[in-house]
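Here's the structure we're looking at; comments come further down.
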Amino acid sequence: MVYVKICGLSEPEHVTTAVEAGADAIGFVMTRSPRRIAPERAAELAALVPAHVLTVGVFRGEDPDTVRAAALASGVRAIQLHGKHPHGDFTALKDLGLRLIRAVDAEADLRCGAYDEDLLLVDAPHAGSGQAWDWAAVRGRASGQWLLAGGLSPSNVTEAIAAAAPWGVDVSSGVETSPGVKDPALIRAFLETARRAG
Ligand SMILES: O=C(O)c1ccccc1NCC(=O)[C@H](O)[C@H](O)COP(=O)(O)O
């Protein structure tokens, strides 16, 4: 069954909807974004999430001390790193017991584990933009536990899974009515459709 991560949540109602609809992972954006929330808010939301659902803090380009402090304050169990984060930082963060998600575009090394990450996220060049891209281009190139992201929605996730054959999928914009505003019905529809397709 395909693994599903719902990203960019900021409201308790939406966290509960995603959990009840069967999400495997939930992301809290703690970097510059219309979806940004403070670590303290992420901690409140993470407290609503049962242990079998992975909580993920999303970062882009922050220095290791900032990421470390935000991760510890929010209590997330994984860190999703976009942009340039040197390899050594990954290892240090893992030493804190955090799982690591390396977020890349399709031009990168697409072997999950190549940089000690636990999950690989293959995303559009502009993360969180909702822009679709040529998902089929990574079919057979990405390996291991990898998530497809970038412009997915309830109406195209079946096509995306067929095109790229990912281990899992990740969505943010496609379950929103406007940037940063999630829609519970779209969250449920995405999960149901992805499950059927996978
Ligand atoms: O969501 C953001 O605004 C964001 C900002 C900076 C780095 C990452 C960000 N989002 C990551 C995600 O929400 C998803 O993992 C992924 O990019 C899917 O995005 P979308 O195309 O909007 O579904």
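All values derive from a computational prediction rather than experimental measurement. As a basis for the values below, the full set of heavy atoms in this structure was taken, side chains included, without hydrogen atoms, waters or symmetry mates. As the structure lists them, so they are numbered: ligands from 1, and atoms in each ligand from 1.
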Identify the protein atoms, limited to N or O, that lie within less than 3.5 Å of an N or O atom of ligand 1, and list each pair with its distance to 0.1 Å.
{"from": "ligand 1", "atom 1": "1 (O)", "to": "Arg35", "atom 2": "NH1", "distance (Å)": "2.9"}
{"from": "ligand 1", "atom 1": "3 (O)", "to": "Ser33", "atom 2": "OG", "distance (Å)": "2.6"}
{"from": "ligand 1", "atom 1": "3 (O)", "to": "Arg35", "atom 2": "NH1", "distance (Å)": "2.8"}
{"from": "ligand 1", "atom 1": "15 (O)", "to": "Gln80", "atom 2": "NE2", "distance (Å)": "3.0"}
{"from": "ligand 1", "atom 1": "15 (O)", "to": "Asp170", "atom 2": "OD2", "distance (Å)": "2.7"}
{"from": "ligand 1", "atom 1": "17 (O)", "to": "Asp123", "atom 2": "OD1", "distance (Å)": "3.4"}
{"from": "ligand 1", "atom 1": "17 (O)", "to": "Asp123", "atom 2": "OD2", "distance (Å)": "2.5"}
{"from": "ligand 1", "atom 1": "17 (O)", "to": "Gly128", "atom 2": "N", "distance (Å)": "3.0"}
{"from": "ligand 1", "atom 1": "21 (O)", "to": "Gly130", "atom 2": "N", "distance (Å)": "3.2"}
{"from": "ligand 1", "atom 1": "21 (O)", "to": "Gly151", "atom 2": "N", "distance (Å)": "2.9"}
{"from": "ligand 1", "atom 1": "22 (O)", "to": "Gly130", "atom 2": "N", "distance (Å)": "3.4"}
{"from": "ligand 1", "atom 1": "22 (O)", "to": "Ser173", "atom 2": "N", "distance (Å)": "2.9"}
{"from": "ligand 1", "atom 1": "22 (O)", "to": "Ser173", "atom 2": "OG", "distance (Å)": "2.5"}
{"from": "ligand 1", "atom 1": "23 (O)", "to": "Ser172", "atom 2": "N", "distance (Å)": "2.9"}
{"from": "ligand 1", "atom 1": "23 (O)", "to": "Ser173", "atom 2": "N", "distance (Å)": "3.4"}

List the residues meeting salt bridge (Lys or Arg N to Asp or Glu O under 4.0 Å) with Asp170, not counting sequence neighbours, and say none if there are none.
Lys5
Are the side chains of Phe28 and Thr55 in contact, using a 4.5 Å heavy-atom criterion?
yes
Using a distance-only test with no angle check, is there a side-chain donor-acceptor pair under 3.5 angstrom linking Ser173 and Arg35?
yes
If only side-chain N and O atoms count, and only distance matters, is there a donor-acceptor pair under 3.5 Å linking Ser10 with Arg41?
no
Check whether any side-chain N or O of Trp135 sits under 3.5 Å from a backbone N or O of Ala162 as a donor-acceptor pair, and report yes or no.
no
So, Arg102 and Asp118, do they make that salt bridge, N to O below 4.0 Å?
no
